[in-house]
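In what follows, chains carry the letters A, B, and so on, assigned in the order in which the sequence lines appear, proteins first and then strands, with residues in each chain numbered from 1. Worth knowing before you read on, the calculation uses all heavy atoms, side chains too, and leaves out hydrogens, waters and symmetry mates.
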2 protein chains.
Amino acid sequence: MPETTPAQPVPQITAEHRELLDQTLDKWSLQVLDCLCEQPLRFNGLRRAIPVITQKSLTATLRRLERNGMVDRVVVSTRPLAVEYRISSLGRTLQDLVDALLRWTTETMPDVERARARFDELP
Amino acid sequence: MPETTPAQPVPQITAEHRELLDQTLDKWSLQVLDCLCEQPLRFNGLRRAIPVITQKSLTATLRRLERNGMVDRVVVSTRPLAVEYRISSLGRTLQDLVDALLRWTTETMPDVERARARFDELP
DNA sequence: CGGTATCCTGCTGGATACTG
DNA sequence: CAGTATCCAGCAGGATACCG
């Protein structure tokens, strides 16, 4: 069926929802959430788990996730201080989705590579 | 349970998988896929459906999605030409995931807003 | 209609240094 | 240990103009 309906007002993703997705599924957030779903970790524990992330990006990512209620930041006032990050119950609601997403990439990657090869060798 | 295991090599998301997610779930791709899942659309049809997107971004998005095999580009050689974009079978495998993602944002948005309000009014 | 081409800017994210 | 502060480069994406 070709395009018939003219300018049908397609249900827009609102800026708000888009922003939440951006702050949740971006490069670092996804990996941080993935790590924290397995176990609580401290700042440098996370750095070790995701070696390529910079301090600045990790801080920013954790702040955003904390602000959105996805992770809890637990401060233990010892000397020196210990700060533990744990996935929140809200963050847990994402786990299945994230897993499904990662499974999807793994499963479709071969098809994607074939599609790319075909596309790239065109005139 | 506090952090016990030391530097456990957390299963990294590979750069390849990360790239695919970036090229699939980014701002514009998600909306384009969402539109095309409902019906095939032509270039300017898509522009009308997503009025805030620029020509350049739409072109780039469609090229990437096409290259990854997510959408099919069908050229009808009339004068002037018509080019129709349709979701591919590979792209269809994303539909449930995208829907689930959008449902998740809708469902959790209230909690997120409460979390943000709490976070923002801290000392 | 369905795009390229070009220029330009704002913002992300890296490197580096310092602190409670 | 767990960050903050600053500077800076690269590039994604917008505005604009033009083409088959």
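- Residue B:Ala82 is in sugar-phosphate contact alone, with no base atom involved, counting any heavy-atom pair closer than 4.0 Å across all strands shown.
- The outermost nucleotides of DNA chain C lying under 4.0 Å from heavy atoms of chain B, listed 5' to 3', are C:dC1 to C:dC7.
- Proximity of a side-chain donor or acceptor of B:Arg64 to a complementary backbone N or O of B:Thr24 within less than 3.5 Å is not detected.
- Take B:Ala82 and apply the side chain to side chain contact (heavy atoms under 4.5 Å, CB included) test, not counting sequence neighbours, and it matches B:Arg42, B:Val76, B:Thr78.
- Contacts of A:Arg73 classified as salt bridge (charged side-chain N to carboxylate O under 4.0 Å, His left out), with partners at least two apart in sequence or in another chain: none.
- Protein atom CD of A:Glu66 is 14 Å distant from nucleotide atom P of D:dA2, rounded to whole Å.
- An end-to-end axis angle of 50° holds for the helix from C:dC1-D:dG20 to C:dG20-D:dC1, taken from five base pairs per end and rounded to 10°.
- Considering only side-chain N and O atoms, A:Arg73 lies under 4.0 angstrom from the phosphate OP1 or OP2 of D:dG3.
- Residues meeting the side-chain hydrogen bond (donor to acceptor under 3.5 Å, both in side chains) test with B:Ser88, sequence neighbours left out: none.
- The salt bridge (charged side-chain N to carboxylate O under 4.0 Å, His left out) test applied to A:Glu19 returns B:Arg116, not counting sequence neighbours.
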Scoring nucleotides 9-20 of chain D by protein non-hydrogen atoms under 4.0 Å (B base, S sugar-phosphate only, - none) yields ----BBB-B--B
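- With sequence neighbours left out, the salt bridge (charged side-chain N to carboxylate O under 4.0 Å, His left out) criterion links A:Asp99 to no other residue.
- Considering only side-chain N and O atoms, A:Arg79 lies nowhere under 4.0 angstrom from the phosphate OP1 or OP2 of D:dC1.
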For a quick test of your reading: what N or O donor-acceptor pairs under 3.5 Å do the side chains of residues 50-58 of chain A make, sequence neighbours left out?
from    : atom 1 : to      : atom 2 : distance (Å)
A:Thr54 : OG1    : A:Ser57 : N      : 3.3
A:Thr54 : OG1    : A:Ser57 : OG     : 3.1

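- Residues passing the side-chain hydrogen bond (donor to acceptor under 3.5 Å, both in side chains) test with B:Arg103, sequence neighbours excluded: none.
- Considering only residues two or more places apart in sequence or on other chains, A:Thr93 meets the side-chain hydrogen bond (donor to acceptor under 3.5 Å, both in side chains) condition with B:Trp104.
- Evaluation of the side-chain hydrogen bond (donor to acceptor under 3.5 Å, both in side chains) rule for B:Thr59 yields no partner, not counting sequence neighbours.
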